[in-house]
A.B. asks: 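Below you will find the structure I want to go over with you.
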Amino acid sequence: MSLRTETVVLGAGIVGVCVALHLQMKGRAAVLVDRRGVCEETSFGNAGLIQREAVYPYAFPRDLDAIVRYALNRTAEVHYHPLALPEIAPFLLQYWRHSDRERHAAIARRYAPLIERSLAEHEALARAAGAEGLLRRAGWLRLFRSPRERDLRLAEAERWRREFGVAYRALDSRALQAEEPYLAPVLAGALHWTEPASVADPQALALAYAQRFQQLGGRLVQGYAESLEMTGKGWRLASAAGPIEADAAVVALGPWADVVTRRLGYRLPLAVKRGYHMHYAAAGEARLNHVVLDGEVGYCLAPMARGVRLTTGAEFAPRDAPRTPVQLARAEPRARELFPLEPRLDPEPWLGARPCTPDMLPIIGPAPRHANLWFAFGHAHHGLTLAAVTGRLVAEMVAGEAPVVDPTPYRADRF
Ligand SMILES: Cc1cc2nc3c(=O)[nH]c(=O)nc-3n(C[C@H](O)[C@H](O)[C@H](O)COP(=O)(O)OP(=O)(O)OC[C@H]3O[C@@H](n4cnc5c(N)ncnc54)[C@H](O)[C@@H]3O)c2cc1C
């Protein structure tokens, strides 16, 4: 017996969950498939930020200082596997090209329509799922160790405000101390992005969305994306519940998107920026009121349900290469200078892989050469942020409705 549905969604990370929920909210039957459980991969371990301010996606640094520092491969912020360079170099070169000031500004203009709707769309889904309580509306803080960094970042924030209306507050060291009394009083202040929200358990939010999806009649099934094949009228996939037959399929496999796209003949320039996390109990009475980014060192501290989560910057390495959590080892003592952390809580560092494209824009829209196949991946540093608006956009395109934003910049055929 096969399982028939209108749309099969491959990948139950936060992006796939939001696509599936939006389809089901439109009354379009969907089956959500993953080889594991809901949000047990990349979407499990992020810093939990819904970055309403992030109108400029993270670019490759263009200043010589930073390039030399990264090339030496000793920072906490960026790490690479030297032996993997020949494999990664073509991606890095394209990424570097797209990061030039003018191109980056043009990319931001295409990215901003998604970012501007990111939080409102999560709030709508959270309401529908009865999970509003999981969204914290405190914004987040970029900490400054030096006046130079402070001046640079505040000037940048002012530009973003002028160009896109993004809100922020500049905090001097005294105002920062009032917001975060347990941070060591050694900082030159902070930039408070006031609009973003954060989630103390990103998987819990996804589980709430997935539960709503199932209440609306959606099915969650264990299945295997690599078995996807075309049939006369649509798509077929092997699953633990038997074969799934669907009119349409959505690929929301995050860093594993190539498992499907390569088999179908697409050569998309995908790569990953890997990242690690570790949890710590805060010592004594200490607590963090916001997610904080120590940008000059290159890590985040996020107050999470399990404890304080330290998340690391970008590691350029093949997705499946052995783990090398050197960035965590470099960041941890610097974090302890700022905030009183107890010993590590997790037996080993968690590893995730941000699914990236060289032009910093996600791939959302129709597959160029296959009917009734849709792509929704490549959300890089902002997959949690953009999941809800991506879900809405994809569901509207699948249903043939007017889309919430113009999807043209995100189409796969731009490559
Ligand atoms: C350290 C770190 C910090 C981050 N912080 C933030 C943040 O604060 N805010 C933010 O917005 N983003 C953040 N991100 C990025 C964000 O986590 C990702 O962009 C997002 O999780 C990607 O979601 P996804 O659904 O596309 O992929 P995933 O969550 O990886 O989901 C893909 C799914 O596909 C499934 N799958 C894979 N292969 C198969 C197969 N063969 N068959 C069936 N299923 C399969 C997997 O099991 C997985 O569930 C961070 C990332 C990292 C690593």
Side-chain angles (χ1 to χ4, degrees), residues 8-20 32-54 57-58 114-115 118-119 122 140 196-200 202-203 205-206 209-210 220-228 237-240 244 250-260 263 270 272-278 291 293 298-302 304 309-315 319-320 325 327-328 331 349-357 362-364 375-391 394:
V8 62
V9 180
L10 308 181
I14 189 65
V15 174
V17 167
C18 290
V19 170
L32 176 59
V33 169
D34 202 291
R35 63 182 175 186
R36 301 189 58 182
V38 170
C39 282
E40 292 187 357
E41 293 282 0
T42 329
S43 303
F44 175 83
N46 55 50
L49 280 173
I50 298 174
Q51 286 190 257
R52 169 61 187 84
E53 89 295 346
Y58 290 101
L114 289 177
I115 288 289
S118 59
L119 181 54
H122 264 297
W140 65 273
S198 60
V199 187
Q203 188 188 30
L205 184 70
Y209 291 173
L220 189 59
V221 173
Q222 189 183 27
Y224 315 99
E226 56 275 29
S227 65
L228 185 73
L237 184 84
S239 85
I244 299 172
V250 180
V251 181
L253 292 162
W256 292 275
D258 64 343
V259 166
V260 168
R263 280 189 52 239
L270 303 173
V272 297
K273 290 185 194 172
R274 307 200 309 176
Y276 299 83
H277 86 212
M278 175 54 63
V291 178
L293 169 68
Y299 66 91
C300 270
L301 289 181
M304 288 283 173
R309 176 180 290 180
L310 189 162
T311 60
T312 65
E315 182 178 61
R319 184 189 61 212
D320 302 322
Q327 288 160 289
L328 181 63
W350 171 87
L351 169 63
R354 303 171 183 92
C356 298
T357 64
I363 296 176
I364 306 171
F375 292 164
F377 50 80
H379 293 77
H381 292 260
H382 297 139
L384 170 60
T385 301
L386 296 177
V389 66
T390 298
V394 172

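In each ligand, atom 1 is the first atom listed, and ligand 1 is the first ligand listed. The first residue of the sequence shown is numbered 1, and numbering continues consecutively from there.
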A.B. asks: About how many Å separate SG of Cys300 and CG of Leu310, when rounded to the nearest 0.5 Å?
C.D. replies: 8.5 Å
A.B. asks: May I ask you to check whether Gly45 has an N/O atom sitting below 3.5 Å from an N/O atom of ligand 1?
C.D. replies: no
A.B. asks: Mind checking side-chain contact (heavy atoms from CB on, under 4.5 Å) for Tyr58 and listing every partner two or more places apart, or none if nothing turns up?
C.D. replies: Gln51, Tyr95, Lys273, His381, His382
A.B. asks: Just heavy atoms, cut-off under 4.0 Å: does Ala387 contact ligand 1 by side chain, backbone, both, or neither?
C.D. replies: neither
A.B. asks: How far is atom 44 (N) of ligand 1 from the closest protein heavy atom, and which atom is that?
C.D. replies: Arg35 N, 3.2 Å
A.B. asks: Do Asp258 and Arg319 sit within salt-bridge range, that is, some charged N less than 4.0 Å from a carboxylate O?
C.D. replies: yes
A.B. asks: Would Ala225 count as a polar contact of ligand 1, with the cut-off being nitrogen or oxygen pairs under 3.5 Å?
C.D. replies: yes
A.B. asks: Nearest heavy atom to atom 31 (O) of ligand 1: which of Gly37, Ser239, Ala238, Gly13 does it belong to?
C.D. replies: Gly13
A.B. asks: Side-chain contact, heavy-atom cut-off 4.5 Å: Thr390 with Cys18?
C.D. replies: no
A.B. asks: Do Gly352 and ligand 1 have an N or O pair less than 3.5 Å apart?
C.D. replies: no
A.B. asks: Considering only heavy atoms from C-beta outward, does the side chain of Trp140 approach that of Pro196 to under 4.5 Å?
C.D. replies: yes
A.B. asks: Answer with side chain, backbone, both or neither: which part of Trp256 has a heavy atom less than 4.0 angstrom from an atom of ligand 1?
C.D. replies: side chain
A.B. asks: What residue and heavy atom of the protein are closest to atom 45 (C) of ligand 1, and at what distance?
C.D. replies: Leu253 CD2, 3.5 Å
A.B. asks: Could you list which atoms of ligand 1 come closer than 4.0 Å to a heavy atom of Glu41?
C.D. replies: 30 (O), 46 (C), 47 (O), 48 (C)
A.B. asks: Would you check if His379 and Ile364 make a side-chain contact, meaning some heavy-atom pair closer than 4.5 Å?
C.D. replies: yes
A.B. asks: Do Tyr299 and Thr312 come within less than 4.5 Å of each other through their side chains, counting heavy atoms only?
C.D. replies: no
A.B. asks: Using the test side-chain contact (heavy atoms from CB on, under 4.5 Å), find all partners of Ser198 that sit at least two apart in sequence or belong to another chain.
C.D. replies: Leu49, Arg136, Val291
A.B. asks: Is the closest basic N to carboxylate O distance between Glu226 and Arg263 below 4.0 Å?
C.D. replies: no
A.B. asks: What protein heavy atom lies closest to atom 21 (O) of ligand 1? Include the residue and the distance to one decimal.
C.D. replies: Ser43 OG, 2.8 Å
A.B. asks: How far is atom 4 (C) of ligand 1 from its nearest protein heavy atom, and which residue and atom is that?
C.D. replies: Asn46 CB, 3.1 Å
A.B. asks: Please confirm whether Gly223 comes under 4.0 Å of ligand 1, counting heavy atoms of the residue only.
C.D. replies: yes
A.B. asks: Between ligand 1 and Leu384, is the shortest N or O to N or O distance under 3.5 Å?
C.D. replies: yes
A.B. asks: If you measure from CH2 on Trp256 to CG on Leu10, what distance do you get to the nearest 0.5 Å?
C.D. replies: 14.0 Å
A.B. asks: With a 4.5 Å cut-off on side-chain heavy atoms, are Leu237 and Val33 touching?
C.D. replies: yes
A.B. asks: Are side-chain heavy atoms of Tyr276 and Gln327 found at a separation under 4.5 Å?
C.D. replies: yes
A.B. asks: Taking distance alone, with N or O pairs closer than 3.5 Å, would you say His381 contacts ligand 1?
C.D. replies: yes
A.B. asks: Is the shortest N/O to N/O distance between Trp350 and ligand 1 below 3.5 Å?
C.D. replies: no
A.B. asks: Going by the order shown, which atoms of ligand 1 are within less than 4.0 Å of some heavy atom of Gly11?
C.D. replies: 33 (C), 34 (O)
A.B. asks: Say whether Tyr224 and ligand 1 are in contact under the criterion: heavy-atom distance to a ligand atom below 4.0 Å.
C.D. replies: yes
A.B. asks: Does Leu114 reach the side chain of Pro362, with side-chain heavy atoms less than 4.5 Å apart?
C.D. replies: yes
A.B. asks: Looking only at protein heavy atoms, which one is nearest to atom 15 (C) of ligand 1, and how far off is it?
C.D. replies: Ala380 O, 3.2 Å
A.B. asks: Can you list the ligand 1 atoms lying under 4.0 Å from a non-hydrogen atom of Val15?
C.D. replies: 24 (P), 25 (O), 26 (O)
A.B. asks: Among protein heavy atoms, which lies nearest atom 49 (O) of ligand 1, and at what distance?
C.D. replies: Asp34 OD2, 2.5 Å
A.B. asks: Quick one: look at Lys273 and ligand 1, take heavy-atom pairs under 4.0 Å, and tell me if it's side chain, backbone, both or neither.
C.D. replies: neither
A.B. asks: If you measure every N or O of Cys39 against every N or O of ligand 1, does any of those distances drop under 3.5 Å?
C.D. replies: no
A.B. asks: If you measure from CD1 on Ile14 to CG on Leu205, what distance do you get to the nearest 0.5 Å?
C.D. replies: 5.0 Å
A.B. asks: Could an N or O of ligand 1 be found under 3.5 Å from any N or O of Glu40, whether backbone or side chain?
C.D. replies: no
A.B. asks: According to the interplanar angle, ranging from 0 to 90°, do the rings of Tyr209 and His122 count as parallel (below 30°), tilted (30 to 60°) or perpendicular (above 60°)?
C.D. replies: parallel
A.B. asks: For the CZ atom of Arg35 and the CG atom of Leu253, what is their distance to the nearest 0.5 Å?
C.D. replies: 8.5 Å
A.B. asks: Any idea which protein heavy atom is nearest atom 26 (O) of ligand 1, and the distance to it?
C.D. replies: Gly254 CA, 3.3 Å
A.B. asks: Looking at non-hydrogen atoms alone, which of His277, Glu315, Gln222, Arg354 comes nearest to atom 1 (C) of ligand 1?
C.D. replies: Arg354
A.B. asks: Taking distance alone, with no angle check, do Leu49 and ligand 1 share an N/O pair under 3.5 Å?
C.D. replies: yes
A.B. asks: Where is the nearest protein heavy atom to atom 28 (P) of ligand 1: which residue, which atom, and how far?
C.D. replies: Thr42 OG1, 3.6 Å
A.B. asks: What about Ala47: any of its N or O atoms under 3.5 Å from an N or O on ligand 1?
C.D. replies: yes
